[in-house]
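These values consider heavy atoms only, across backbone and side chains, with no hydrogens, waters or symmetry-generated copies. Just so it is clear: chains get the letters A, B, ... in the order the sequence lines come, proteins before strands, and each one is counted from 1.
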Amino acid sequence: DQQVKQNSPSLSVQEGRISILNCDYTNSMFDYFLWYKKYPAEGPTFLISISSIKDKNEDGRFTVFLNKSAKHLSLHIVPSQPGDSAVYFCAASGGLGGGYQKVTFGTGTKLQVIP
Amino acid sequence: KAGVTQTPRYLIKTRGQQVTLSCSPISGHRSVSWYQQTPGQGLQFLFEYFSETQRNKGNFPGRFSGRQFSNSRSEMNVSTLELGDSALYLCASSLGSTGSTEAFFGQGTRLTVV
């Protein structure tokens with residue numbers, strides 16, 4: 001049962017344009033969401049996060065939007081750069097006690113930014 | 001500040017054998033989590049250790065086990081290896097305090113079972 005879903009395995013975007021990566025979740029207990037970026041032969045790197053008390057969080061070129069009613073979040077990258085080409089993982093956690101450390105990841109979306 | 005270190009980077013084992021993977025977290029981090037990454041499955045949560053205790057557990061069989069030492073270093077063990085255990089095993093460390101903290105990942109151990 002995939003509780004965090006990234007339905008687009010890949011995405012190609014022209015340099016300078018906006019990249020939009022989508023993520024859906026099914027577990028209503030999730031209340032903290034993260035995006036990680038992964039280059040080949042490296043471990044994932046934390047990118048940006050959002051708590052369920054917010055609907056938007058921005059950090060430079062990266063913005064994450066959360067729609068709790070739709071159980072949907074998205075990552076916007078503006079403008080996209082060739083160095084952004086990587087696999088992006090959506091992740092979610094939540095619950096009491098140590099629940100925030102039990103993170104459920106999506107299957108990833110491979111972003112290719114074309115120069 | 002040194003990052004998360006996983007050893008070894010690559011490993012080839014035969015079906016039925018057992019294997020131990022090691023993870024040294026970032027200094028000061030008390031939580032260590034383990035993930036299995038396979039193509040098409042993303043990162044699957046194995047377990048999380050905090051202060052030498054398993055605090056969270058994923059849905060993996062008992063062949064997968066782990067432990068954490070007093071210096072927060074962690075080991076993961078897989079017994080009776082199966083071909084399907086071939087994967088990238090990632091370790092992540094975080095402060096582990098209650099609340100939402102991002103994790104820092106190591107480069108992973110690539111395990112191949114033949």
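The cluster map of Ile, Leu, Val, Met, Phe, Trp and Tyr, joined by side-chain heavy atoms under 4.5 Å apart, puts A:Val87 and A:Ile20 in different clusters. Clustering ILVMFWY residues whenever any of their side-chain heavy atoms sit less than 4.5 angstrom apart, transitively, puts A:Phe65 in a cluster other than the one holding A:Leu11. Linking ILVMFWY side-chain heavy atoms closer than 4.5 Å, directly or via other members, places B:Ile26 and B:Val32 in two distinct hydrophobic clusters. Side-chain heavy atoms closer than 4.5 Å link hydrophobic residues (I, L, V, M, F, W, Y) into clusters, and following such links, possibly through other members, connects B:Leu111 to B:Leu83. Hydrophobic clustering, with ILVMFWY side chains joined whenever heavy atoms are under 4.5 angstrom apart, groups A:Leu66 together with A:Tyr88.
Residues of residues 59-73 of chain B never come within less than 4.5 angstrom of chain A, heavy atom to heavy atom. Contacts between residues 47-55 of chain A and chain B, defined by a heavy-atom separation under 4.5 Å, are made by no residue at all.
Using a 4.5 Å cut-off between heavy atoms, B:Leu43 touches chain A through backbone and side chain atoms alike.
Taken from CD in B:Glu102 to OG1 in A:Thr45, the straight-line distance is 11.5 Å, to the nearest 0.5 Å. In this structure, A:Lys38 NZ and B:Leu90 CG are separated by 6.5 Å, a value rounded to the nearest 0.5 Å.
Within a 6.0 Å radius of CD1 in A:Ile114, other residues, nucleotides and ligands contribute more than 12 heavy atoms.
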Next item on the list: Verify ring-ring contact (aromatic ring centres under 6.0 Å, His included) between B:Phe105 and A:Tyr36, making sure each step is shown before the conclusion.
Entry: CA-CA 10 Å; B:Phe105 282 83; A:Tyr36 283 84; 5.4 Å; yes
Check: Passes side-chain contact (heavy atoms from CB on, under 4.5 Å), A:Val103 versus B:Phe45? Steps please.
Finding: CA-CA 7 Å; A:Val103 181; B:Phe45 176 83; 5.5 Å; no
What pairs of donor and acceptor atoms, side-chain ones from residues 33-40 of chain B against any protein atom, are under 3.5 angstrom apart with sequence neighbours left out?
unit_1	atom_1	unit_2	atom_2	d
B:Trp34	NE1	B:Ser74	OG	2.9
B:Gln36	NE2	B:Tyr89	OH	2.9

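For residues 5-15 of chain B, no residue pair satisfies the salt bridge (charged side-chain N to carboxylate O under 4.0 Å, His left out) rule, not counting sequence neighbours.
Listed options A:Ala41, A:Gly108, A:Pro44 were ranked by heavy-atom pairs under 4.5 angstrom with chain B; first place goes to A:Pro44.
Side chain of A:Lys102 to backbone of B:Gly58: no donor-acceptor contact under 3.5 angstrom is found.
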